[in-house]
Amino acid sequence: MTMANFDLSMLALKSVCPNNTIEVDDTDLPSVLVYIPAFKNSDVLTGGNDSTHPAFIVNGVQIPGFYYSKYQNVVHAVTNTEGYNVTAAYSLPGEDPAHDINFDTARARCEAKGHGWHLSTNAEWAAIALWCKKNGFMPYGNNNYGKDTRESNYKAIPLHKYTENSVTRTGRVATGTGPLTWSHDKTLGGIWDLNGNVWEWQAGIRFVWGELQILANNDAADPDNPQNETSVCWKAINAADGSLVEPECTVSGSAKLSGNTVKLDYVSGKWTYSTTISSLADQSRSCLFANVTCTAAIGAATKVLLRSLALLPDEGTTEASYEGDYYWLNNGVAERCVIRGGGWDDGAHAGVFYFHGYYSRANVDWAVGFRSAYIPNIG
């Protein structure tokens with residue numbers, strides 16, 4: 001892209017979508033991004049505090065905001081500015097989103113773009129989801145074979161067809177081709193396809209034998225903070241006060257059914273944050289996101305942290321508040337990573353609060369993709 005063409009493209013974009021930008025990475029190719037400015041927990045949570053939301057703190061330093069891929073990412077093999085062949089991720093409209101990609105490869109495709117680029121973190125996804133709910137813009141999307149369950153007309157461009165039980169169905173649709181209801185703020189300047197199309201890997205979060213483990217704040221945005229299975233950056237959460245502590249469960253160890261850290265137990269058909277696990281099972285079990293709850297062992301500060309990461313319903317909400325979004329988890333295995341948003345066939349369960357912690361980091365699935373984000377001067 002020549003400088004003149006780049007300037008004209010940026011001018012055209014900014015004239016319609018002032019909060020959007022085109023960022024050229026180390027491969028000298030563009031991605032379309034949406035800027036998300038920093039805010040406090042109290043800006044998006046009924047029971048929030050005045051602390052800065054975790055997505056806007058990296059390595060202990062508050063940042064003014066982050067840039068998020070406007071579109072689910074596609075992968076292209078290119079040559080970077082130093083002459084090396086790389087395979088990298090791009091946020092572009094009208095593309096078939098990447099799929100059949102595991103967690104570590106998705107991270108690598110984002111980081112190949114250069115400094116500041118990273119796989120979307122759960123903290124960043126949560127910031128956007130909470131903003132959507134607070135502002136009444138819960139986005140629709142391709143969760144019903146090419147359309148939303150709440151829409152009667154097909155409007156997006158189908159790119160993937162398959163046959164199931166002798167019926168030909170639409171799977172993935174071209175990025176950003178749905179109606180404005182599929183934008184996170186229902187404007188042209190919004191983020192597309194957060195509901196359905198393909199699931200999206202999230203960095204900085206995992207479960208080990210049902211114990212919730214995270215990287216502090218948005219430290220997962222810095223590639224210098226490793227997220228491999230044995231990384232010392234993984235921390236558990238003290239259930240009483242929300243502080244980050246050394247995990248009680250390890251990938252190489254066995255399950256610890258009781259302790260002081262936040263774990264997920266399945267009680268009476270609901271996922272329940274607790275310090276003990278009474279029901280450990282190597283299977284995917286679920287409940288409505290709105291019905292995820294806590295025992296008395298989970299302190300007030302811990303609840304705020306869980307809510308800020310879109311892992312627990314806000315105070316005073318009802319089932320209708322989350323429009324059918326679901327929460328799935330496997331608490332009976334050593335490590336499970338997280339995908340969010342849903343796929344083209346998840347129906348009313350899909351959405352910005354839809355959560356799935358069943359897959360290993362090595363899992364590859366035709367309905368799982370990813371999205372990159374960018375923070376200047378990080379990594």
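What you see below is based on every heavy atom in this structure, not just the backbone, and it leaves out hydrogens, waters and symmetry mates.
With a 4.5 Å cut-off on side-chain heavy atoms, K133 and T317 count as touching. Side-chain contact between H115 and P376 is absent, with no heavy atoms from C-beta onward closer than 4.5 Å. Between T272 and L264 the shortest side-chain heavy-atom distance does not fall below 4.5 Å. Using a 4.5 Å heavy-atom threshold, the side chains of I205 and L311 count as touching. Two residues are said to be in side-chain contact when any heavy atoms from C-beta on lie closer than 4.5 Å; W192 and Q72 fail this criterion. A heavy-atom distance below 4.5 Å is not found between the side chains of Y374 and F66. Contact check for N41 versus P54: side-chain heavy atoms found under the 4.5 Å cut-off. Within the 4.5 Å cutoff, the side chain of D314 has heavy atoms near those of the Y322 side chain.
The backbone N or O of P226 lies less than 3.5 Å from a partner atom in the side chain of S231, making a donor-acceptor pair. Using modelled atom types, no side-chain atom of T21 and backbone atom of E23 make a donor-acceptor pair closer than 3.5 Å. With N122 contributing its side chain and L309 its backbone, the two residues share a donor-acceptor pair below 3.5 Å. Between the side chain of N165 and the backbone N or O of V167 there is no donor-acceptor pair closer than 3.5 Å. For D222 (side chain) and I378 (main-chain N/O), no donor-acceptor pair under 3.5 Å exists by modelled atom type. Here the side chain of N238 pairs a donor or acceptor atom with the backbone of A240 at under 3.5 angstrom. In this structure a side-chain-to-backbone donor-acceptor pair under 3.5 Å is missing from T163 to T168.
Ring geometry for Y327 against Y273 counts as perpendicular: the plane angle is over 60°, on a 0 to 90° scale with 30° as the lower cut.
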| said: Let's go through D193 and N142 carefully: what are the C-alpha distance in whole Å and the side-chain angles of both, what is the deciding distance for side-chain hydrogen bond (donor to acceptor under 3.5 Å, both in side chains) to 0.1 Å, and is it a yes or a no? | reply: CA-CA 7 Å; D193 301 319; N142 173 24; over 6 Å; no
| query | Step by step, would you call S69 with L33 a side chain to side chain contact (heavy atoms under 4.5 Å, CB included)? | reply | CA-CA 5 Å; S69 284; L33 306 175; 4.0 Å; yes
| Worked check of side chain to side chain contact (heavy atoms under 4.5 Å, CB included) between I214 and L244 | CA-CA 9 Å; I214 60 174; L244 299 190; 3.9 Å; yes
| task | Give the C-alpha distance, both sets of side-chain angles, the deciding distance and a yes or no for side chain to side chain contact (heavy atoms under 4.5 Å, CB included) between D26 and K113. | result | CA-CA 5 Å; D26 286 0; K113 295 169 69 60; over 6 Å; no
| query | Can you check side-chain hydrogen bond (donor to acceptor under 3.5 Å, both in side chains) on T52 and Q62, steps first, answer last? | reply | CA-CA 8 Å; T52 300; Q62 183 170 336; 3.1 Å; yes
| message | Let's go through V78 and Y90 carefully: what are the C-alpha distance in whole Å and the side-chain angles of both, what is the deciding distance for side chain to side chain contact (heavy atoms under 4.5 Å, CB included) to 0.1 Å, and is it a yes or a no? | response | CA-CA 11 Å; V78 296; Y90 300 93; 3.2 Å; yes
| request: Could you check K303 against E315 for salt bridge (Lys or Arg N to Asp or Glu O under 4.0 Å), going step by step and ending with a plain yes or no? | output: CA-CA 10 Å; K303 290 179 182 177; E315 288 183 4; over 6 Å; no
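Checking T121 against Q202 by side-chain atom types alone, no donor-acceptor pair falls below 3.5 Å. Side-chain contact of N135 with D185: a donor-acceptor pair under 3.5 Å is absent, judged by distance alone. In summary, the side chains of T170 and K161 do present a donor paired with an acceptor at a separation below 3.5 Å, with no hydrogens or angles considered. In this structure, a donor-acceptor pair under 3.5 Å is absent between the side chains of S360 and N363. Under 3.5 Å, the side chains of S372 and N73 contain a donor-acceptor pair of N or O atoms. Side-chain contact annotation: H53 with E124, donor-acceptor N/O pair under 3.5 Å absent. When only modelled atom types and interatomic distance are considered, N59 and N225 share a side-chain donor-acceptor pair under 3.5 Å. There is a side-chain donor-acceptor pair under 3.5 Å between T261 and E248. S279 and D265 are not linked by any side-chain donor-acceptor pair at a separation below 3.5 angstrom, with hydrogens and angles left out of the test.
The pair E200-R340 does not meet the salt-bridge criterion, since no charged nitrogen lies less than 4.0 angstrom from a carboxylate oxygen. A salt bridge links R150 with E323; the closest basic N to acidic carboxylate O contact falls under 4.0 Å. Using a 4.0 Å cut-off between a side-chain N of Lys or Arg and a carboxylate O of Asp or Glu, K256 and E211 do not qualify as a salt bridge.
The aromatic ring centres of W131 and F39 sit 6.0 Å or more apart. Taking the ring centroids of W328 and H356, they lie under the 6.0 Å cut-off. You'll find the ring centres of Y162 and W366 inside the 6.0 Å limit. Y67 and Y35 have their aromatic ring centers within a separation under 6.0 angstrom. For W201 and W125, the distance between ring centers is not under 6.0 angstrom.
With a 6.0 Å radius and a threshold of 12 heavy atoms from other residues, nucleotides or ligands, L257 has its CG atom above the threshold. K235 NZ: more than 12 foreign heavy atoms inside a 6.0 Å radius. The number of heavy-atom neighbours closer than 6.0 Å to CG of N228, taken from other residues, nucleotides and ligands shown, is above 12.
Note that K147 lies in the cation-pi zone of Y154, set by a 6.0 Å cut-off to the ring centre and a 45° limit from the axis. Relative to the six-membered ring of Y140, K186 meets both conditions, a distance below 6.0 Å and an angle of at most 45° to the axis. Cation-pi geometry between R109 and F370 is not met: the NZ or CZ atom fails to fall both under 6.0 Å from the ring centre and inside 45° of the normal.
Tested against R172, the residues D345, D100, D96 include a single salt bridge (charged side-chain N to carboxylate O under 4.0 Å, His left out) partner, D96.
The salt bridge (charged side-chain N to carboxylate O under 4.0 Å, His left out) check on E335 picks up R206, R361, with sequence neighbours excluded.
Residues Y68 and L92 fall into different hydrophobic clusters, defined by Ile, Leu, Val, Met, Phe, Trp and Tyr side chains chained together at heavy-atom separations under 4.5 Å.
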